[in-house]
There are 2 protein chains.
Amino acid sequence: MSPYEKKHNESVSDDVVWHHSTVTHADRVQLKQQKPVVLWFTGLSGSGKSTIANAVESKLLSLGKHSYLLDGDNVRHGLNKDLGFSDEDRVENIRRIGEVAKLFVDSGAIVLTAFISPFISDRQQARALVEKGEFLEVFIDTPLAICEQRDPKGLYKKARAGEIKHFTGIDSAYEAPEQPEIHVHTDNLSVDECAEFVVARLEAMGYLTAEERKFQEDNSHAL
Amino acid sequence: MSPYEKKHNESVSDDVVWHHSTVTHADRVQLKQQKPVVLWFTGLSGSGKSTIANAVESKLLSLGKHSYLLDGDNVRHGLNKDLGFSDEDRVENIRRIGEVAKLFVDSGAIVLTAFISPFISDRQQARALVEKGEFLEVFIDTPLAICEQRDPKGLYKKARAGEIKHFTGIDSAYEAPEQPEIHVHTDNLSVDECAEFVVARLEAMGYLTAEERKFQEDNSHAL
């Protein structure tokens, strides 16, 4: 019995139960022929998280895999539009993203999230919501100097000028993952090569087939 | 260009755009061979919303369709666990469910939601989040007397005794849908027959094929 089924049976619905023909997590995995997982992209502003995540999604689509990308575009202006940038709201922002990622995993999807998510504790909280093997940290490791040189929206410039406070990498810490399951050193790689690397890792770890596969400890850490 | 693509291009990512190979809503529709939609179940406590929604999901699965059910089980204890039952929190509860349903529709899924959602204004708000034709109100129309007779969790009894305040149908209004797209009169029907009716309506309205189909005005209202 999967943890999802167990949970479903334990909890109390707000409706009468005549007979309950619940579709299980296993049913959805079977239909989608993949192992549902959260790919939690993390990295500095300008590191390439969203761009690489998009490219990964394209490759997954071409393999017939079912994925969905949560990023600032579809979350900040919708579900989390009531949240600002206070410490409390940032924590709540990541909490909700983690909870929605969990729902997508339950639905059978490979869900990609692309947020700076600079703090280890927040990422740990998101990881704790799902089962072991259902959360892979994808560290988009681009040096600060390169991110700042790109500065696509002029945010680093503003942060250096003191116009933006608590900017990650400038006057607020970025806590790099210590043991990311997928560590992408973007230096000298194209977006396509970065995405290819992520997909190859997913394939090697058995996420692109429905086959139930015991998660290998020695595959679970950085390359 | 779908509204999703337009939105995606208009909004600003927090990352540098080298080149953006965005997977579109149309791509996901094509992969899943169905028309993404929110099936918003509404009805009294004990009316059979969750039970019928589960049965609908089973039938969709057997047709190879990709669905996901949001209900009290997976939402109240996760994403919305910070919310109580004040008027304000009830509105926020439904708002978040609507936003998450929108994300699932964007992902290409048929998403079912099973909450009492007694107020027209809240359901209208959820409907307004998605495109025309992407939201179908499914009214599980079971008379109060029958719901109260079933009273699977003894809630009506407690409400009648004044132990629960603001209970829908007793001392808080249930605003029935005026023109639900799918109106299920549950009297004298089995769960299976109710679910079959919903699926037949979906099929008739063209939701179970990927084919882009202009939503017919005259199909959009109650039977």
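Just so it is clear, the structure is predicted and the values come from calculations on it, not from any experiment. So you know, we letter chains A, B, ... as the sequences are listed, proteins then strands, and number each from 1.
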Look at B/Gln30, B/Lys32, B/Glu92 and state which one has the largest set of heavy-atom pairs under 4.5 Å with chain A.
B/Lys32
Quick one: side-chain contact (heavy atoms from CB on, under 4.5 Å) partners of B/Glu163, sequence neighbours excluded?
B/Lys158, B/Ala161
Look at B/Asn80, B/Asp82, B/Asp151 and state which one has the largest set of heavy-atom pairs under 4.5 Å with chain A.
B/Asp82
side-chain contact (heavy atoms from CB on, under 4.5 Å) partners of A/Ala200, counting only residues at least two apart:
none
Does the cation-pi check pass for B/Arg76 over B/Phe85, that is, NZ or CZ under 6.0 Å from the six-membered ring centre and within 45° of its axis?
yes
Max heavy-atom pairs within cutoff under 4.5 Å with chain A, candidates B/Val111, B/Leu60, B/Asp27, B/Val75, goes to B/Asp27
Might you work through the salt bridge (Lys or Arg N to Asp or Glu O under 4.0 Å) test for B/Asp122 and B/Arg95, ending with a clear yes or no?
CA-CA 7 Å; B/Asp122 291 347; B/Arg95 185 192 75 81; over 6 Å; no
